[in-house]
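Report on one structure; see the data block that follows.
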Amino acid sequence: MVTKWTRIDRRIIPTTCYYWLNGRCNRNPCRFLHSKPPIVTKTVNCNGGRKRCSESESEENSLTKRAATVWIRNSGDCISKTPLVEPSQTSSPTISTQVVGEVSQTSSHTSSTEVVETAESSSPILSTAVVEVSQSSSAILSTELCKYWINGNCVHGDKCRDMHSWFSGDRLSAVTNLEGHKKLVTGITLPVGTNKLFSGSTDGTVRIWDCHTAECANVTNLGDEVNSLISQGPWIFVGLSNIVKAWNIQNGSGYTLEVPNGRVLAMTVGKDTLLAGAEDGVISAWKGSSEANSPFKLVASLLGHSKSVVCLTVGCPNKRLFSGSMDHSIKVWDLDTFECKMTLNGHTDTVTSLICWGNFLLSSSLDCTIKVWAESQEKTLQVAYSHNVESGIVALNAMTDAEDKTILFCSCQDNSVRLYELPSFSERGRLFARQEVRSIEKGPGGLIFTGDGTGLVTVSKWSEEAKVEAA
């Protein structure tokens, strides 16, 4: 085996394997060292790159009186000087910053980049020092999912620096996965009084799962994308293109409710009224009817949004209807008169989800914010707090844990679901998916159901006892 060596000026030192330092080298034999080379520390005087750099090496370096500067040497000339980390200033007469004098490596096994370091400071007080900390096997792992694990072909296993886990948190544990859908899961619901879970997908099917066995009990192919799915009492409502399918799971009857135009992207029920928001921006409202041919009667069409209605919820003071749209606005409706009472303009992108928490309204958007709306003395809703997230938000839901704390589930475009404790918004954990999670539904006993873009329905549980890590 030929060991890879790196030449620094006139000295030859062995090169340490970058992957070995990170605990994931899979080459045997490997031409790089699986040990750390001796520390080489130099004082470099550079004349602007026009002449060859002169050097002097000290026998013993005092780490408390040195500032590190990284010089990248190429063909014997100093071509750049790059500060890596700037430590905070200190009033102490001594320098407490540690200099790590290891040779920096790149991610390639064949890299020949050479690094020479450290220039002595003329002052005993460190004020503008630059410190390089080489990555070692004890470095903090990445907080991103491994893209190779997502595709099922990561070769590093447990030693991979990226995450191979669905969960990260202290009270989260996996229960099971429900596999069957082929495309994005757009709705999950558990009708009250049954042991069945219903899920809808853009693959055109609604699946019924047995909650005891986790087996799929029935599949209904509707021949069109399922864009929304909810339940109320014995009724299951499925939003398709231009229609809403209504099924009574007690007597097996089914009805079709026509929508003016476009896909039905959101539905909710409030004050004995079924409300469906469509792609054309219209919200259709049906109430119960005594007619034999249909138990539902269209009573109103709520006009106001200029683009698709994406989310609906009923709640907060006075049982009002709230609608979020691609036109970036939230509208507040009176469910007795079906009139728009106010328009909330706080987001700068599509409003993706709305939930009510006590007397507060929580809204999320693709603009990477969660806004908390509170009623003012003038009876208008104002933004009381805005929480920023690193990625666009696509869905919200909330549950109350055993300690009576509210946990907010926030699904983001980076394929994660962040868990926040309200009202502090302190992060309690994360769920991870192979694709974006569009559906989040809570169940009895702390169960959480999430559906992602691959068609997978994941069942997890929020436990009363804390856990160090849920895998």
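Throughout, residue positions are numbered sequentially from 1 according to the sequence presented. In what follows, every heavy atom counts, from backbone to side chain, and hydrogens, waters and symmetry copies are set aside.
Under a 4.0 Å N-O distance rule, the pair Arg320/Glu375 qualifies as a salt bridge. Looking at Glu339 and Lys331, no side-chain N of the basic residue comes within less than 4.0 Å of a carboxylate O on the acidic one, giving no salt bridge.
At a cut-off of 3.5 Å, with distance as the only test, a side-chain donor of Ser386 or Lys371 sits close to an acceptor on the other residue. Side-chain N/O atoms of His328 and Thr350 include no donor and acceptor closer than 3.5 Å. For the residue pair Ser241/Asp224, the side-chain donor-acceptor check at 3.5 Å is satisfied.
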Evaluate the side chain to side chain donor-acceptor pair (under 3.5 Å) criterion for residues Thr380 and Glu378: first the C-alpha distance (whole Å), next the side-chain angles of each, then the deciding distance (0.1 Å), finally the verdict.
CA-CA 5 Å; Thr380 61; Glu378 293 77 19; 4.8 Å; no

Run the side chain to side chain contact (heavy atoms under 4.5 Å, CB included) test on Phe360 and Leu422 for me, step by step, so that the C-alpha distance in whole Å, both residues' side-chain angles and the decisive distance to 0.1 Å come before the verdict.
CA-CA 11 Å; Phe360 298 95; Leu422 297 179; over 6 Å; no

For the pair Thr273 and Trp286, evaluate side chain to side chain donor-acceptor pair (under 3.5 Å) and give the outcome as yes or no after the intermediate values.
CA-CA 6 Å; Thr273 305; Trp286 291 271; over 6 Å; no

If you apply the rule side chain to side chain contact (heavy atoms under 4.5 Å, CB included), what do you find for Leu265 with Ser308, and how did you get there?
CA-CA 8 Å; Leu265 301 175; Ser308 302; 3.9 Å; yes

Thr256 and Lys245: CA distance, side-chain angles, deciding distance, side chain to side chain donor-acceptor pair (under 3.5 Å) verdict:
CA-CA 5 Å; Thr256 299; Lys245 288 284 189 181; 3.2 Å; yes

Before you tell me yes or no, could you show the steps for Phe198 and Phe237 under ring pair (Phe, Tyr, Trp, His ring centres under 6.0 Å), namely the whole-Å CA-CA distance, both residues' side-chain angles and the distance that decides it to 0.1 Å?
CA-CA 11 Å; Phe198 290 73; Phe237 299 102; over 10 Å; no

Determine whether Val299 and Phe338 satisfy the following criterion, side chain to side chain contact (heavy atoms under 4.5 Å, CB included), listing intermediate values before the conclusion.
CA-CA 9 Å; Val299 294; Phe338 298 111; 4.0 Å; yes

Show your reasoning for whether side chain to side chain donor-acceptor pair (under 3.5 Å) applies to His181 and Thr205.
CA-CA 8 Å; His181 288 298; Thr205 66; 3.2 Å; yes

For salt bridge (charged side-chain N to carboxylate O under 4.0 Å, His left out), just list the numbers for Arg418 and Asp414, CA-CA rounded to whole Å, side-chain angles, deciding distance to a tenth of an Å, and then say yes or no.
CA-CA 10 Å; Arg418 292 129 191 269; Asp414 62 2; 2.7 Å; yes

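The closest side-chain heavy-atom distance from Leu361 to Thr313 is below 4.5 Å. Side chains of Thr202 and Thr186 form a contact here, defined as non-hydrogen atoms less than 4.5 Å apart. Annotation: side chain of Thr176 is in contact with side chain of Val459 (closest heavy-atom distance under 4.5 Å). Counting heavy atoms from C-beta outward, Val259 and Asn261 have side chains that stay 4.5 Å or more apart. Using a 4.5 Å heavy-atom threshold, the side chains of Val185 and Thr450 count as separate. Side-chain atoms of Leu312 and Leu354, non-hydrogen and from C-beta on, never get closer than 4.5 Å to each other. Contact of the Leu190 side chain with the Ser231 side chain is not registered, since no non-hydrogen atoms from C-beta on lie closer than 4.5 Å. Two residues are said to be in side-chain contact when any heavy atoms from C-beta on lie closer than 4.5 Å; Ser364 and Ser353 meet this criterion.
Once rounded to the nearest 0.5 Å, the distance linking CG of Leu184 with OG1 of Thr454 reads 9.0 Å.
Surrounding NZ of Lys183 are at most 12 heavy atoms belonging to other residues, nucleotides or ligands under 6.0 Å away. Around NZ of Lys287, the count of heavy atoms belonging to other residues, nucleotides or ligands within 6.0 Å exceeds 12. Within a 6.0 Å radius of CG in Asp272, no more than 12 heavy atoms belonging to other residues, nucleotides or ligands are found.
Residues Asn221 and Gly204 come closest through the heavy atom pair OD1-O, 3.4 Å. Between Asp327 and Lys307, the closest heavy-atom pair is N-CB, 3.8 Å.
Screening Lys319, Lys341, Lys271 for a salt bridge (charged side-chain N to carboxylate O under 4.0 Å, His left out) involving Asp336 leaves a single residue, Lys271.
In this structure a side-chain-to-backbone donor-acceptor pair under 3.5 Å is missing from Glu279 to Gly262.
If you look at Phe409 and Tyr420, their ring centroids are not closer than 6.0 Å.
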